[in-house]
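Computed from heavy atoms alone, side chains included, the values below leave out hydrogens, waters and symmetry copies. Letters go in sequence order (proteins before strands), and every chain restarts at 1.
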There are 2 protein chains.
Amino acid sequence: MKVYKIPEATVMRLSIYSRYLHQLMGEGVETISSGEIAHGVGVSSAQVRKDLAYFGEFGTRGVGYKVEELYGHLMKILGLDRNWNIIIIGAGKLGSALALYQGFADRGFNISAILDVDPDRIGNKLGDVKVEKIELLDKRVKESNVSIGVVTVPARVAQDVTDKLVNAGVKAILNFSPRVLRVPNDIILRNVDLSVNLEVLSFNLAFNK
Amino acid sequence: MKVYKIPEATVMRLSIYSRYLHQLMGEGVETISSGEIAHGVGVSSAQVRKDLAYFGEFGTRGVGYKVEELYGHLMKILGLDRNWNIIIIGAGKLGSALALYQGFADRGFNISAILDVDPDRIGNKLGDVKVEKIELLDKRVKESNVSIGVVTVPARVAQDVTDKLVNAGVKAILNFSPRVLRVPNDIILRNVDLSVNLEVLSFNLAFNK
DNA sequence: ATTTAGTCGCGAATTTTTTCACAAGGTGGT
DNA sequence: ACCACCTTGTGAAAAAATTCGCGACTAAAT
């Protein structure tokens, strides 16, 4: 099987499968079929098998998958068999929420720093991390070997912050600002636009009836 | 042109185009080509034209699109030519951040209520809205004619909250909890999983080198 | 009036993703 | 040992989404 290009949709589903498997482990389930995973997360069983087939053969014909084993494979595939250091730029409501979001820590994402320009925010404690001034961006990225920058600043400064992150050496950026960011080709960029999601709902509500 | 099924990716891009056009309006731009929109938001010009073609002919050959006019069409298509009432269930960090997120109000989403079970949170003011007890769910949805429910509760109670929202009469649900929700066929459901986004980055960092 | 340069709309071709369908392999009962 | 029954892995088919290519149309310059 080709390993060249994995569909992004596949990667997102793997992440969802892994979480479902984790839940099953908690329930003491030891073996599961593609059909059951499919039903559990709302896709087709062929989809589950195809997604897994990109990376190897993890099941046993006639039987299914060992939950714990498959979970381990998925975590490895997703790069979650290690910790990642991330930095959050922007300690507004969204940045704070992300900093305190347990889901990140649970999956091995360690928040190395959270920075802002606003003196009122600097010094605030968010969980274990204290908000620091933006000038420390380069220093913090380098000293903590930060791989991922999370951008939660207003649109007008998003590109500027992004450039600084790239220069400091982050390899990937998760952008929550409603701005199209330019990054060099070797930097991985993902955009999460909260409004877009609501607007897709709005479209469906308005359009389909 | 077929109106049957609009790709979800198209809808998401329309939302992005509309925001870019709004920015251009602010800059005083009056006319724009598909190629310029494409460059501005990072897709191909054919993609822009194809996306728009699902809904009609908005441009002038040889000239391009009138920014304001196209913006108006897009807002109408997206159902943003009116206001939507939404309710947020879960006043934790994420729910609070969403409640205070200016981006929603800017696009016509009006937060009718935000509810929680935690007595410590009830009574807190988030912008113009006060956190109220979860028991008011049915009442608030009905009296404010709420169309969209936003679920930001812990995974274990997400399905329960969802069922209550559906029973109360919401037509769409935006789910931020890491749980696959079951809803009737006529209810529109979208999932936003913040961890998935980080994990796709993690995968790309780990896998591509 | 004609030419030149530019741009849209859209059918067709291409690429990508999903679904189908079944051979291969495994389990448990008799 | 054989049979009945499962479930995976995967090539092939189908479906969906994107890109290509060009005819149709516009504006502006000469």
Less than 3.5 Å apart, which donor and acceptor atoms pair up between the side chains of residues 63-81 of chain A and the rest of the protein, not counting sequence neighbours?
none

Identify all side-chain donor-acceptor contacts of residues 28-40 of chain B below 3.5 Å with residues at least two apart in sequence or on another chain.
unit_1, atom_1, unit_2, atom_2, d
B/S33, OG, B/G35, N, 3.4
B/S33, OG, B/E36, N, 3.2
B/S33, OG, B/E36, OE1, 3.2
B/S34, OG, B/R49, NH1, 3.0
B/E36, OE1, B/S33, N, 2.9

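Taking the six-membered ring where the residue is Trp, A/F203 and A/F207 present parallel rings, their angle staying beneath 30° rather than reaching 60°.
Between B/R190 and A/N197 the shortest heavy-atom distance is NH2-OD1, 3.0 Å. Summarising the geometry of B/V161 relative to B/V151, their closest heavy-atom pair is CG1-CG2, 4.2 Å, with the distance given to 0.1 Å.
Using a 4.0 Å cut-off between charged nitrogen and carboxylate oxygen, B/R19 and A/D193 count as a salt-bridge pair.
Taking OG1 from A/T152 and CZ from A/F176, the interatomic distance works out to 8.0 Å, rounded to the nearest 0.5 Å. With rounding to the nearest 0.5 angstrom, the CD1 atom of A/I114 is 8.5 Å from the CD1 atom of A/I89.
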Taking N or O atoms only and anything under 3.5 Å, show me the protein contacts with nucleotides 14-18 of chain C, one pair per line.
unit_1, atom_1, unit_2, atom_2, d
C/dT18, OP1, A/R13, NH1, 3.0
C/dT18, OP2, A/R13, NH2, 2.9

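One interatomic measurement links the two molecules: CZ of A/F55 to P of D/dT10, which rounds to 14 Å at whole-angstrom precision. Distance B/F58 CZ to C/dC10 P: 11 Å, rounded to the nearest Å. Counting to the nearest Å, the P atom of C/dG9 and the CZ atom of B/R49 are 8 Å from each other.
Against DNA chain C, the stretch residues 26-35 of chain B makes heavy-atom approaches under 4.0 Å through B/S33, B/S34. Contact check of residues 60-75 of chain A against DNA chain C (heavy atom, cut-off under 4.0 Å) returns A/T60, A/R61, A/G62, A/V63.
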Starting from the C-alpha separation in whole Å, work towards a yes-or-no answer on side-chain hydrogen bond (donor to acceptor under 3.5 Å, both in side chains) for B/N85 and B/N145. CA-CA 7 Å; B/N85 291 322; B/N145 198 18; over 6 Å; no
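Shown here are the salt bridge (Lys or Arg N to Asp or Glu O under 4.0 Å) partners of A/R179, two or more places apart in sequence or in another chain: there are none.
DNA chain C is contacted by both B/A46 and B/E36; B/E36 maps to the nucleotide lying nearer its 5′ end (nearest heavy atom per residue).
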